[in-house]
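We name chains A, B, ... by the order of the sequence lines, and we start the count at 1 in each one.
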Number of protein chains: 2
Amino acid sequence: MAERTRAARVRTNDPGGLRRRLVDAAFEAFATRGYHATSVHDLKRAAGATGGALAHHFPSKKDLGLAVLQDRVADAVEETWIRPVLSARTAADGISAVFTRIADELDRQGCVSGCPLSNLALELSRHDDDFRRLIDAVFVRWRAAVAEKIRTDQEAGLLEGLDPEAFATLVVASYSGAMAMAKAAQDAQALRICAEELSRAMQPRSASLR
Amino acid sequence: MAERTRAARVRTNDPGGLRRRLVDAAFEAFATRGYHATSVHDLKRAAGATGGALAHHFPSKKDLGLAVLQDRVADAVEETWIRPVLSARTAADGISAVFTRIADELDRQGCVSGCPLSNLALELSRHDDDFRRLIDAVFVRWRAAVAEKIRTDQEAGLLEGLDPEAFATLVVASYSGAMAMAKAAQDAQALRICAEELSRAMQPRSASLR
DNA sequence: TCGCGAACAGGATAAGCGTCCTGTTTGGGG
DNA sequence: CCCCAAACAGGACGCTTATCCTGTTCGCGA
């Protein structure tokens with residue numbers, strides 16, 4: 001049943017590489033177009049894989065989705081949010097910088113696809129509980145990292161008067177929601193505004209005008 | 001081709017009623033399961049309509065989606081957010097009350113389906129520009145109403161030191177994002193936390209601990 | 001009362017979907 | 001070198017999808 005008429009039959013088994021290409025293609029597609037709006041045929045074409053190969057690595061579309069969440073979405077949050085914030089001078093600096101950097105990137109690439117985690121969260125949380133658990137775990141990790149940085153600042157005397165966990169929740173919620181508005185407006189301004197307002201909310205409570 | 005074997009053929013033309021039932025069913029389904037995850041067959045069954053009737057009122061699924069946004073989502077935001085906030089004593093009261101009321105409702109009904117507008121925003125904004133424009137318009141209206149209430153408070157001397165438009169953006173973003181987290185956690189706590197943090201951020205900047 | 005357009009019934013249709021199956025190729029361990 | 005499990009090819013399969021078509025029924029205006 002294999003192809004024989006084509007000139008050179010050159011195939012090399014590369015399980016790790018093909019698997020990675022499939023998850024990459026799925027991450028890209030799920031994050032931009034959505035899980036249900038993406039067909040497995042699209043993914044096969046994007047990754048240059050055949051049905052047999054896909055079925056071998058991922059028996060079902062759901063398995064691919066779970067792999068995307070574990071192998072890509074979690075890392076994306078780690079790279080774009082957690083590491084920059086933790087390595088910044090202060091929590092306020094880090095949070096503001098992340099908002100600004102992402103807004104700049106969106107302007108540069110000219111379109112807003114939204115936060116991959118939020119996109120999948122809204123689409124899949126109620127669809128399947130396995131998805132929901134993974135998504136929630138990423139949100140928990142995200143909030144915990146921001147809260148940790150805030151607490152570190154407080155212990156160093158750089159910040160006062162905030163509940164670390166609560167404010168971290170506000171930060172993550174603001175980002176997620178601002179990205180939703182940015183996606184609807186196709187304009188990153190909402191992100192910059194929220195960054196500014198969060199900075200204001202973090203300032204120590206002394207008499208100062210704007 | 002019509003049914004003749006069935007006992008009593010009782011049909012009454014009710015264009016307005018059937019149309020409303022279709023849009024209701026679509027709103028319910030799109031808001032909870034999502035647009036792409038809902039088939040038109042599901043909608044026909046939920047509304048008790050036949051293919052011919054659906055096609056008569058809505059030539060395509062997209063037409064139904066646009067009607068849902070115009071006739072239901074916009075009103076839902078008006079009812080659950082804009083009117084309560086505008087009619088509250090102060091902006092701070094209104095915002096806090098809406099967060100709390102919705103959190104209570106979610107606890108009572110035991111599951112979190114999320115904000116209909118945000119759900120559709122993330123799923124459809126990049127899918128189709130007609131959807132995107134309608135969604136953005138609702139966000140704009142939403143933010144403007146909250147900003148208006150804040151400005152009214154300021155003019156009455158009840159509030160100071162806030163940029164109305166900017167803070168309204170933070171409020172809407174926080175709600176949208178907190179609802180996303182609540183959906184992933186299936187727990188309304190994120191909403192209560194954000195309400196509390198927004199209240200703190202609205203307090204005049206005097207020396208007071210928590 | 002009657003006619004005509006709007007409202008609706010019910011299925012046809014073609015394309016697309018996710019999954020699975022059989023067969024072939026690869027490459028590392030014995 | 002050989003062999004066998006893993007890796008992959010390619011398509012069949014059954015089901016669902018959204019749309020559309022023809023035919024029937026309703027109900028308002030005249």
Parallel, tilted or perpendicular: rings of His127(B) and Tyr35(B) (30°, 60°): tilted
Distance, rounded to the nearest Å, where Leu22(A) contributes CG and dA9(D) contributes C1': 14 Å
Touch class at under 4.0 angstrom, heavy-atom based, for Leu54(B) against every strand present: nothing
Interatomic distance where CZ belongs to Arg19(B) and P belongs to dA6(C) [whole Å]: 16 Å
Closest-nucleotide ordering on DNA chain C, the 5'-leading residue of Pro59(A) and Ala37(A): Ala37(A)
Residue-phosphate contact under 4.0 Å: Ser39(B) side-chain N/O, dT17(D) OP1/OP2: yes
Closest to the Ala53(B) side chain, choosing from dA6(D), dA9(C), dG18(C): dA9(C)
Atom-to-atom span, CZ of Arg21(B) to C1' of dC8(C) - whole angstrom: 12 Å
Contact check, side chains of Ser96(B) and Leu198(B), non-hydrogen atoms, under 4.5 Å: no
Proximity to the side chain of Ser60(A) - top-ranked nucleotide from dT19(C), dG10(D), dC20(D): dT19(C)
Where Ala67(B) and Arg19(B) come nearest, the two heavy atoms and their spacing: CB-NH2, 4.1 Å
Among dG27(C), dG18(C), dC8(D), the nucleotide that comes nearest once only the side chain of His57(A) is considered: dC8(D)
Spacing of His41(A) atom NE2 relative to dT16(D) atom P, expressed in whole Å: 21 Å
Given DNA chain C, 5'-ward residue of the pair Gly51(B) and Val40(A), judged by closest heavy atom: Gly51(B)
Closest-nucleotide ordering on DNA chain D, the 5'-leading residue of Lys61(B) and Gly52(A): Gly52(A)
Length of the line joining Lys44(B):NZ and dC8(C):P, which is rounded to integer Å: 15 Å
Rounded distance (Å) that lies between atom P of dG18(C) and atom CG of Asp42(A): 8 Å
Residue pair Ser125(B) / Phe131(B), side-chain heavy-atom distance below 4.5 Å: no
Length of the CG-C1' vector between Leu43(A) and dG16(C), whole Å: 14 Å
Polar side chain donor-acceptor pair, Arg192(A) to Thr100(A), under 3.5 angstrom: no
Whole-Å gap separating P (dT25(C)) and CG (Leu18(A)): 18 Å
N/O (side chain, His56(B)) to phosphate O (OP1/OP2, dC20(D)) under 4.0 Å: no
